[in-house]
Protein chains: 2
Amino acid sequence: MNIYDISKKAGVSIATVSRVLNGNEKVSANTRQKVLRVMEEESYSPNAFARGLGLNTMKTIGILCADSSDAYLASAVYYLEQELRRFGYDALLCCTGYDLDQKKKYLEILLSKRVDAIILAGSTFVEQADKNNEYLRFAARKVPLILLNGHLDAPGIYSSLCDDTAAVAGATERFLVSGRNKLLFLYRSQSYSGRRKLAGFLSAHSKRNIQVENSQMICFNGSIQEIKERLLTHYANCFPFNAVITSDDELAIGVLKFAKAAGLSIPRDLSIIGYNNSKIGICCDPELTTIDNKLEFSCNHAVSVLMSVLDGKKVPAKTVITAEIILRQSTDDHF
Amino acid sequence: MNIYDISKKAGVSIATVSRVLNGNEKVSANTRQKVLRVMEEESYSPNAFARGLGLNTMKTIGILCADSSDAYLASAVYYLEQELRRFGYDALLCCTGYDLDQKKKYLEILLSKRVDAIILAGSTFVEQADKNNEYLRFAARKVPLILLNGHLDAPGIYSSLCDDTAAVAGATERFLVSGRNKLLFLYRSQSYSGRRKLAGFLSAHSKRNIQVENSQMICFNGSIQEIKERLLTHYANCFPFNAVITSDDELAIGVLKFAKAAGLSIPRDLSIIGYNNSKIGICCDPELTTIDNKLEFSCNHAVSVLMSVLDGKKVPAKTVITAEIILRQSTDDHF
DNA sequence: TTGTAGGCGTTATCAC
DNA sequence: GTGATAACGCCTACAA
């Protein structure tokens, strides 16, 4: 059942059917009714591929993320999909894992599917070594690229991100002011946001002329159990910290488990601040104080920027959002 | 840059270019090299829409789920996407929410995008009132439908699901045998799997000729905080339970919070079994005993069934997978 | 207001 | 092995 069949049964030309299909004004009410009735009868629905071929778009946006089962990325994907759909766009999901070659490969696949744009969710797509970001610049020459929680300065690349540096600096500052002096920063990777968070930790110290030892920073990507064990060793042998800031809530759960194993009372002996304001932060006991990086807002903004870009409007290439600290039980009352 | 341009530069016909593109044997090594070289030079990539139009497929599978930010569904979506991609298919994600009209609408949208099949992740798509499932039967007349954790007997509908009834019956049985006699079943909704889990709870009792009171079953869809409060009331006024089985881990977290507020020791005064074996089960303290419904296996199986269907092979319409109980700290050692 | 005809970039079916 | 050519189903000038 195609546009020709409909036009025949309705006794009009295909052009008229097409006009009705696309809500064109210049069709008499009579003809329109006639055509609509036939479409209804035949339960006709236009062929999206043919339309795509002619218009060179299927109103589809690719979403690239390392792992959509990760709580944080899952939320991002959800918000993005919802918002895209509001604008009539579909979301083609593509999970790359954390390997650079895979990321390149999947970005290539999305391009070959002729998506209208690509949203890269999560800070893992911007590599520390700039030459490894060439694949992004290359892709951006074909379709707009939106980085969620990442940044790269290049034509066609837009970013929507949280000011992680300021957020961690703020949390660090509050610890220092409140008298906690043995701070540990625990982060998962040297990703763009990992580095930015670390920078915040360092800057808050240097602002107060406090030297940061290497033992105060741990970059570790492990399970909750592994984090616990790593910290047991670290606490006993290297650095007996009394406050921890982590780059995600799951790491903070690892700290919680460590504290229990080490017999430390929270927040008295050890204060903890997580990151992301994810659901696991209220599943544990005590519940986690955490930094909320306004993911939903950030996602909605990313989509809004994208829509403007697709409309050919000029938009700022980078938007920075301010995080908020959510106070719960893993920090002192007076914190 | 299209197939005509390539054919011109290579001095061959478009048919030959197409053959090279599709790995057709009947091209001399010479010509093939020539064409490939030109493609390389021009960094040509075929137009997916045109291909879609001709072949009437873009190798895309729609994934429908209520809410991809939900931990369980997020995992399902992830496993499905990974497995689909292994077979060269893309995943078009579509989150419907829990409203029937929205589900219908989005299913319609996916159909109009001409996906090759649709996977419905989560048990919320099969309604209790059978007339409300007509939309599924209708869709199944156009493309294959795969239900993940749901079941509906109709042509073109295939299901891959866990034996929830047996799983809950087993857990209930173990409680009864171990001497726990005041069991509560806490579930979130009357969805297909909700009803099946409840059936397991009931059957285990009736097998031992034990009457189940209404106060032993709570259907409640609330936040962790709300669950806690609801249980405080229920425990004090209706039924002082000493063991709880929940239909998902988050409900179990709510029970944990309740126990703490009520001053009950776990597992001594109150034993808890969750469902889904999700990450929050190891974030809490004590960690949750939970029923693992083999989601990854189930997803992979669903995709495998789908691939067979798309290949025109005959496959069983329904596959039932056996769950496994993961013992942790919220149940007795001897459980 | 309506109709005609050409184009979008492939794949597939024929001939040769 | 290779090349012409007809689909595939829609959109959109341009004509009427």
Side-chain angles (χ1 to χ4, degrees), chain A residues 1-39 42-60 88 90 109 111-116 142-143 310, chain B residues 1-39 42-60 88 90 109 111-116 142-143 310:
Chain A
M1 187 60 42
N2 60 29
I3 205 172
Y4 288 94
D5 301 324
I6 301 295
S7 77
K8 231 170 279 174
K9 301 217 181 202
V12 297
S13 75
I14 61 159
T16 300
V17 177
S18 177
R19 287 192 191 97
V20 171
L21 223 42
N22 294 289
N24 191 316
E25 301 291 300
K26 308 187 167 191
V27 182
S28 74
N30 240 330
T31 331
R32 162 167 284 115
Q33 284 315 313
K34 206 166 42 182
V35 173
L36 284 175
R37 177 152 42 250
V38 176
M39 285 179 173
E42 307 289 326
S43 69
Y44 163 79
S45 113
N47 184 307
F49 303 146
R51 182 174 265 168
L53 181 57
L55 301 180
N56 201 28
T57 164
M58 278 199 20
K59 302 253 289 175
T60 300
D90 286 324
I109 288 183
L111 287 176
S112 79
K113 295 290 166 139
R114 291 278 206 281
V115 294
D116 296 310
K142 308 202 167 183
V143 296
L310 292 176
Chain B
M1 186 60 41
N2 62 27
I3 205 171
Y4 287 94
D5 301 324
I6 301 296
S7 77
K8 230 171 278 174
K9 300 219 183 203
V12 297
S13 75
I14 60 159
T16 300
V17 177
S18 178
R19 286 191 192 98
V20 171
L21 222 41
N22 294 289
N24 191 316
E25 300 292 300
K26 307 187 169 192
V27 182
S28 75
N30 239 330
T31 335
R32 162 166 284 114
Q33 283 317 311
K34 207 166 40 180
V35 173
L36 285 174
R37 177 152 43 250
V38 177
M39 285 179 174
E42 307 290 326
S43 69
Y44 161 80
S45 114
N47 184 307
F49 303 147
R51 182 172 267 170
L53 180 57
L55 300 178
N56 199 30
T57 164
M58 277 200 19
K59 301 251 295 175
T60 300
D90 285 325
I109 288 184
L111 287 176
S112 80
K113 295 290 166 136
R114 290 279 205 281
V115 293
D116 297 311
K142 308 202 166 183
V143 297
L310 291 177

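Sequence lines set the chain letters: A, B, ... in the order given, protein chains first and strands last, and positions in each chain run from 1. Just so you know, these numbers come straight off a predicted model, no measurement behind them.
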**Evaluation steps, side-chain contact (heavy atoms from CB on, under 4.5 Å), between A:V35 and A:R19** = CA-CA 10 Å; A:V35 173; A:R19 287 192 191 97; over 6 Å; no
Do the side-chain N or O atoms of A:T16 get closer than 4.0 angstrom to the phosphate oxygens (OP1, OP2) of C:dT1?
-> no
Whole-Å distance, B:R32 CZ to D:dG1 P, equals 10 Å
ask   = Does OP1 or OP2 of C:dT11 have a side-chain N or O of B:S18 closer than 4.0 Å?
value = yes
I'd like to know if the side chain of A:N22 reaches the main chain of A:N24, judged simply by a donor and an acceptor atom lying under 3.5 Å from each other, with no hydrogens or angles considered.
no
Closest to the side chain of B:L53, out of D:dC8, D:dC10, C:dG3, is D:dC8
With a 4.0 Å cutoff (strictly under), does any side-chain N or O of B:R19 reach OP1 or OP2 of D:dT2? no
Ranking C:dG3, D:dC10, C:dT11 by distance to the side chain of A:N47, first place goes to D:dC10
Out of D:dC10, C:dT13, C:dT4, minimum distance to the side chain of A:A50 belongs to D:dC10
Testing C:dT11, D:dC11, D:dG3 for proximity to the side chain of B:R51, the answer is C:dT11
Against the side chain of B:Y44, the closest entry in D:dA13, D:dC10, C:dT10 is C:dT10
B:Y4 atom OH is separated from D:dG3 atom C1', nearest whole Å, by 12 Å
To the nearest angstrom, the CZ-P distance between A:F49 and D:dC11 comes to 15 Å
Here the distance between atom P of D:dG1 and atom CD of B:Q33, to the nearest Å, is 15 Å
Checking C:dT2, C:dG9, C:dT13 against the side chain of B:N2 (C-beta onward), the nearest is C:dG9
Rounded to whole Å, the CG-C1' distance (A:N22 to D:dA13) equals 15 Å
DNA chain C nearest-nucleotide lookup for A:A15 and B:L55: closer to the 5′ end is A:A15
Taken to the nearest 0.5 Å, the spacing of A:E42 CD from A:D5 CG works out to 8.0 Å
From CG of B:N24 across to P of C:dT10 the rounded distance in Å is 17 Å
Here the distance between atom C1' of D:dT2 and atom CG of B:N30, to the nearest Å, is 14 Å
Taken to the nearest whole Å, CD1/A:I14 to P/D:dT12 is 12 Å
Comparing nearest nucleotides in DNA chain D, the 5'-proximal residue of the pair A:I3, B:E25 is B:E25
Rounding to 0.5 Å, atoms CG (B:N2) and OG (B:S45) come to a distance of 11.5 Å
Only residue of B:T57, B:N56, B:T60 satisfying side-chain hydrogen bond (donor to acceptor under 3.5 Å, both in side chains) with B:D116 is B:T57
Requested in this report: For D:dG1, take OP1 and OP2 only and decide whether either is under 4.0 Å from a side-chain N or O of B:T31.
Outcome: no
